[in-house]
Participant: 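Got a structure for you, questions after.
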Amino acid sequence: MKMNKMREEMAEEFLKALKENQLPWQKNWSSVPFRPCNAISQASYHGVNSFWLSYQQQEMNYQDPRWCTFHQAQEKGWYIKKGEKGTRVEFWSLYDTETKQKLRQGEAEKLKEILGLEKYQKRVKPLASVYVVFNAAQISGIPEIHIEKHKWDAHELIEKRDLLLRNMQLGFQEKEEAAFYRPSEDKIHMPGPERFKDGYSYFSTFLHEAGHATGHESRLNRQIVNQYGTPEYAREELRAEIASAFISQTLGLSAKNSEHMENHKAYIQSWISILEKNPAELFSAIKDAEKISDYLLEKGELEPTRMHELEEVDMSEYDEVKFKKEEIDKLPKEIPYQMRQRGRAI
């Protein structure tokens, strides 16, 4: 399937960043720790649009997450500043191949009832349109944005971690020398909180491993038992990393100085190899990453834009393991996991 102009540009920029030994999500989630949203409806962008607009925010040093089209700005009495260049986003709609018209959701549902599922699927097809949007920084007359601030401490952060573990029925073991998820145990292993330099480093690392755990057959059921160094292993790492970035941005986490990935260069090289052969793999990864982040937000009962400036949270102040052994023992016993091949923890 041929990619539209927006996806072609996005894939090129993503590969360019990787070839410069950069992780694009660490760049684009470090400046404006909020998910891009429409300036009129306040609705958040999702999937590739969210990822792409976040990347543009960082590249252009925009400090505002709001975006809108030229016509939307015009209707509000705002003006696009002279010489400003817009950013492409895609919008998916349903297209009736017989009437040659786009369908609203209600119209599509009604037509499905009339035709039946088989005829409906042959006649109605998804259609992608590309629109150009402008950031609030490119617009004159738009009201100033007001961002809520909320301070967290280490104890509150650990409470959020423990709630997510309980709701996922996921095992957890602390005081390890490395952070990883072991599918055969269905358990996350982590160093103690005091080993991390700040709250963001701790929580983003935890979210990365929790992202892997969503692939368990009792949750989102992905193939996650992959041998280290294989393309399949790299693909799963890509999904977990992007998911961690998505959820961090949704929660308003700041990541100015975070470096939590091991084998940084090795991961980048493996992703370059995969994406050069098949650029569409990036968009498949983003789609799965959004499912992962949505799952973690729901199970962790995490509120968007309520967690800020975690880089200032001193994890060394947390001197006790709140998630004690007796609490872990209350969780369901390990669910058998069929390992198709011998693999290492991820």
Participant: State whether the side chain of Lys81 and the backbone N or O of Ala137 hold a donor-acceptor pair below 3.5 Å, judged by distance alone.
Facilitator: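 Judged by distance alone, yes, a pair lies under 3.5 Å.
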
Participant: Can you give me the closest heavy-atom contact between Leu238 and Phe14, atom names plus distance?
Facilitator: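 Reported closest heavy-atom pair: CD1-CZ, 4.3 Å.
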
Participant: Say whether, by atom type as modelled, one donor and one acceptor occur between the side chain of Ser244 and the main chain of Ala240 under 3.5 angstrom.
Facilitator: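 No; zero donor-acceptor contacts below 3.5 Å.
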
Participant: Kindly give the heavy-atom pair with the smallest separation between Glu209 and Ala179, and that separation in Å.
Facilitator: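 Closest pair (atom of Glu209, atom of Ala179, distance): OE2-O, 3.4 Å.
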
Participant: Are Lys102 and Tyr95 in a cation-pi setup, meaning NZ or CZ lies under 6.0 angstrom from the ring centre and within 45 degrees of the ring axis?
Facilitator: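 That pair does not qualify as a cation-pi contact.
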
Participant: Should the pair His208 and His212 be assigned to parallel (<30°), tilted (30 to 60°) or perpendicular (>60°) ring geometry?
Facilitator: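 His208 vs His212 ring planes: perpendicular.
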
Participant: Do any N or O atoms from the side chain of Asn21 and from the backbone of Leu18 form a donor-acceptor pair under 3.5 angstrom?
Facilitator: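 Answer holds: no.
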
Participant: Can you tell whether the side chains of Lys175 and Glu194 come within less than 4.0 Å, N to carboxylate O?
Facilitator: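 Yes, this pair counts.
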
Participant: Could you check if a side-chain atom of Met190 sits within less than 4.5 angstrom of a side-chain atom of Phe172, using non-hydrogen atoms only?
Facilitator: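 They are in contact (side-chain heavy atoms under 4.5 Å apart), so the answer is yes.
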
Participant: Would you indicate whether the side-chain heavy atoms of Thr69 and Phe134 approach each other to under 4.5 Å?
Facilitator: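 No, their side chains stay 4.5 Å or more apart.
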
Participant: Could you pull out the closest heavy-atom pair between Asn4 and Ala128, with the gap in Å?
Facilitator: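 Closest approach of Asn4 to Ala128, heavy atoms only: ND2-CB, 4.4 Å.
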
Participant: Is any side-chain heavy atom of Leu94 less than 4.5 Å from a side-chain heavy atom of Tyr120?
Facilitator: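 SC-SC contact between Leu94 and Tyr120 confirmed.
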
Participant: Tell me the closest heavy-atom pair linking Ile224 and Gly215, and the distance in Å.
Facilitator: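 So the two residues come closest at CD1-C, 3.7 Å.
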
Participant: Do Gln74 and Tyr79 get their side chains close enough for a donor-acceptor pair, meaning under 3.5 Å?
Facilitator: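 Short answer, no.
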
Participant: Which distance, rounded to the nearest 0.5 Å, do you find between the CG of Leu164 and the CD of Glu298?
Facilitator: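 The distance works out to 11.0 Å.
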
Participant: Please name the pair of heavy atoms, one in Trp271 and one in Ala234, separated by the smallest distance, quoted to 0.1 Å.
Facilitator: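 So the two residues come closest at NE1-O, 2.8 Å.
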
Participant: If only side-chain N and O atoms count, and only distance matters, is there a donor-acceptor pair under 3.5 Å linking Asn135 with Glu84?
Facilitator: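 Asn135 and Glu84 do not have a side-chain donor-acceptor pair below 3.5 Å.
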
Participant: Calculate, to the nearest 0.5 Å, the distance between atoms CG and CZ belonging to Asp294 and Phe246 respectively.
Facilitator: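 Between atom CG of Asp294 and atom CZ of Phe246 there are 9.0 Å.
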
Participant: Measure from the side-chain N and O atoms of Thr214 to the backbone N and O of Gly211, and report whether any donor-acceptor pair falls under 3.5 Å.
Facilitator: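 Side chain of Thr214 to backbone of Gly211, a donor-acceptor pair under 3.5 Å: yes, one is there.
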
Participant: Does either side chain, that of Asn49 or that of Glu90, offer a donor lying less than 3.5 Å from an acceptor on the other one?
Facilitator: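 No, because no side-chain N or O of Asn49 sits under 3.5 Å from a partner of the opposite role on Glu90.
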
Participant: Do the side chains of Asp288 and Phe283 get nearer than 4.5 Å, heavy atoms only?
Facilitator: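 No, their side chains stay 4.5 Å or more apart.
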
Participant: Side chains of Phe70 and Val133: does their closest heavy-atom pair fall under 4.5 Å?
Facilitator: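 No, their side chains stay 4.5 Å or more apart.
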
Participant: Is the shortest distance from a Lys or Arg side-chain nitrogen in Glu174 or Arg161 to a carboxylate oxygen in the other one below 4.0 Å?
Facilitator: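 Here Glu174 pairs with Arg161 in a salt bridge, since their nearest N and O are under 4.0 Å apart.
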
Participant: Does the structure place the NZ or CZ of Arg88 under 6.0 Å from the centre of the six-membered ring of Tyr131, at an angle of no more than 45° from the ring's axis?
Facilitator: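 Negative - Arg88 is either too far from the ring of Tyr131 or too far off its axis.
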
Participant: Would Glu9 and Lys5 pass as an ion pair if we require N to O under 4.0 Å?
Facilitator: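 Salt bridge absent between Glu9 and Lys5.
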
Participant: Among side-chain atoms of Arg239 and Ser284, is any donor-acceptor pair under 3.5 angstrom?
Facilitator: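 Side chains of Arg239 and Ser284: pair found under 3.5 Å.
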
Participant: Verify whether one side chain among Glu118 and Gln121 offers a donor that lies under 3.5 Å from an acceptor in the other.
Facilitator: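 No pair is found: no donor N or O on one side chain lies under 3.5 Å from an acceptor on the other.
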
Participant: Among Gln58, Glu59, Gln63, Gln57, find the one that has a side chain to side chain donor-acceptor pair (under 3.5 Å) with Asn61.
Facilitator: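 The option that passes is Gln63.
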
Participant: With rounding to the nearest 0.5 Å, note down the distance linking CZ in Arg104 to OG in Ser93.
Facilitator: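 Those atoms lie 11.5 Å apart.
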
Participant: How about Arg35 and His46: do any of their side-chain heavy atoms sit closer than 4.5 Å?
Facilitator: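 In short, these two side chains touch, coming nearer than 4.5 Å.
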
Participant: What pair of heavy atoms forms the shortest contact from Trp67 to Leu53, and how long is it?
Facilitator: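 Here Trp67 and Leu53 meet closest at CZ2-O, 3.7 Å.
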
Participant: Measuring from atom OG1 of Thr230 to atom CD of Glu232, what distance do you get when rounded to the nearest 0.5 angstrom?
Facilitator: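 Result: 4.5 Å between the selected atoms.
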
Participant: Report yes if the side chains of Gln173 and Lys187 come closer than 4.5 Å at any heavy-atom pair, otherwise no.
Facilitator: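 They are in side-chain contact.
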
Participant: Suppose we screen for ring pair (Phe, Tyr, Trp, His ring centres under 6.0 Å). Which residues come up paired with Tyr202, at least two apart in sequence or across chains?
Facilitator: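 Partners of Tyr202 by the ring pair (Phe, Tyr, Trp, His ring centres under 6.0 Å) criterion, ordered by chain and then number, come out as Phe196.
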
Participant: Kindly determine whether Gln72 and Asn38 satisfy side-chain hydrogen bond (donor to acceptor under 3.5 Å, both in side chains), including the steps that lead there.
Facilitator: CA-CA 10 Å; Gln72 286 178 321; Asn38 183 271; 3.2 Å; yes

Participant: Roughly how far, to the nearest 0.5 Å, is the CG atom of Leu296 from the CE atom of Met168?
Facilitator: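 Output value for this atom pair is 5.5 Å.
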
Participant: My understanding is that only residues two or more places apart in sequence, or in another chain, count here; which of them pass salt bridge (Lys or Arg N to Asp or Glu O under 4.0 Å) with Asp96?
Facilitator: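 Asp96 satisfies salt bridge (Lys or Arg N to Asp or Glu O under 4.0 Å) with Arg123 only.
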
Participant: With rounding to the nearest 0.5 Å, note down the distance linking CG in Leu170 to CD in Glu185.
Facilitator: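 With rounding to 0.5 Å, CG (Leu170) is 11.0 Å from CD (Glu185).
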
Participant: Are the side chain of Arg235 and the backbone N or O of Ala285 linked by a donor-acceptor pair below 3.5 Å?
Facilitator: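 Not confirmed, Arg235 side chain does not pair with Ala285 backbone.
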
Participant: Under the salt bridge (Lys or Arg N to Asp or Glu O under 4.0 Å) test, which residues partner Glu12, sequence neighbours left out?
Facilitator: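 None.
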
Participant: With a cut-off of under 6.0 Å to the ring centre and 45° to the axis, is Arg219 in cation-pi contact with Tyr295?
Facilitator: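 No, Arg219 does not sit over the ring of Tyr295.
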
Participant: Just so I know, are the side chains of Glu290 and Ile242 near enough to count as touching, which here means a heavy-atom distance under 4.5 Å?
Facilitator: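 Not in contact.
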
